[in-house]
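I have placed the structure first, in the form of structure tokens, so that the comments after it can refer back to it.
Atoms within each ligand, like the ligands themselves, are counted from 1 in listed order. Not measured: the values here are computed from a predicted model.
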Amino acid sequence: VRACDLQGLWRNELGSNMTLLALDMDGTFSGSYHTAVAATDKQILVSPLQGVLQPPGTKGQQPTFGFTVQWQFADSTTVFVGQCFVDRRGKEVLETAWLLREGVPSRRDVWKATRVGTSVFTRVK
Ligand code: BTN
């Protein structure tokens, strides 16, 4: 089976789209995230992301990775961790888990500040 390539356009089960750009020499990458849903009523804006791949090069057949999305329309941060899997037919999927930390006004609200979930991305392009 060929190695998984993170670069490209991906979509998850919510209809969110993300573009991952070419890997840097050190296994870091950047991209953009267009979420289909939001916890706020504010207008959704395409937001940048920064990630790392492990192992860093193209050696890993089914590498793990992590990335952070810096939302441009909310005081929240989401981190994703995941792994890319390739099946016999060469179809790639990104199996991920995420944490969303919302900005809350005071420490009394910290108990409700973190959401958690899982997400599966398939390649669009
Ligand atoms: C916010 O509402 O605070 C910012 C947008 C959060 C979107 C979340 S991140 C996890 C989940 N997966 C998505 O594709 N969108 C939501």
Practice task
Ignoring hydrogens and angles, tell me if any N or O in the side chain of Q62 forms a donor-acceptor pair with the backbone of V86 under 3.5 Å.
Solution key: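 A pair under 3.5 Å: yes.
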
Any idea which protein heavy atom is nearest [atom], and the distance to it?
atom                    : answer
atom 1 (C) of ligand 1  : S76 OG, 3.5 Å
atom 8 (C) of ligand 1  : T35 OG1, 4.2 Å
atom 12 (N) of ligand 1 : L14 CD1, 3.5 Å

Exercise for the section: Report yes if the side chains of L49 and F29 come closer than 4.5 Å at any heavy-atom pair, otherwise no. Expected result: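 Sidechains of F29 and L49: in contact.
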
Problem - A74 and ligand 1 - part of the residue with a heavy-atom distance under 4.0 Å - result: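 The part of A74 near ligand 1 is the side chain, not the backbone.
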
Practice task
Determine whether the side chain, the backbone, both or neither of I44 has a heavy atom under 4.0 Å from any heavy atom of ligand 1.
Solution key: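 It is neither part, as no heavy atom is under 4.0 Å.
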
Practice task
Classify the angle between the aromatic ring planes of F67 and F65 as parallel (below 30°), tilted (30 to 60°) or perpendicular (above 60°).
Solution key: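 F67 vs F65 ring planes: parallel.
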
Handout entry: Within 6.0 angstrom of D24 CG, more than 12 heavy atoms from elsewhere
Key =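 For D24, atom CG is crowded (more than 12 foreign heavy atoms under 6.0 Å).
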
Report, in ascending order of atom number, the atoms of ligand 1 lying under 4.0 Å from any heavy atom of [X].
X   : answer
A38 : 2 (O)
T78 : 9 (S)
Y33 : 12 (N), 13 (C), 14 (O)
V37 : 7 (C), 15 (N), 16 (C)
A39 : 1 (C), 2 (O)
S16 : 13 (C), 14 (O), 15 (N)

Exercise for the section: List the steps and the verdict of side chain to side chain donor-acceptor pair (under 3.5 Å) for S119 and E13. Expected result: CA-CA 7 Å; S119 193; E13 69 287 340; 3.0 Å; yes

Considering all heavy atoms, the nearest [X]-[Y] contact:
X   : Y    : answer
V46 : S32  : CG1-CB, 3.8 Å
W71 : L100 : NE1-CD1, 4.2 Å
P56 : D26  : CB-O, 3.5 Å

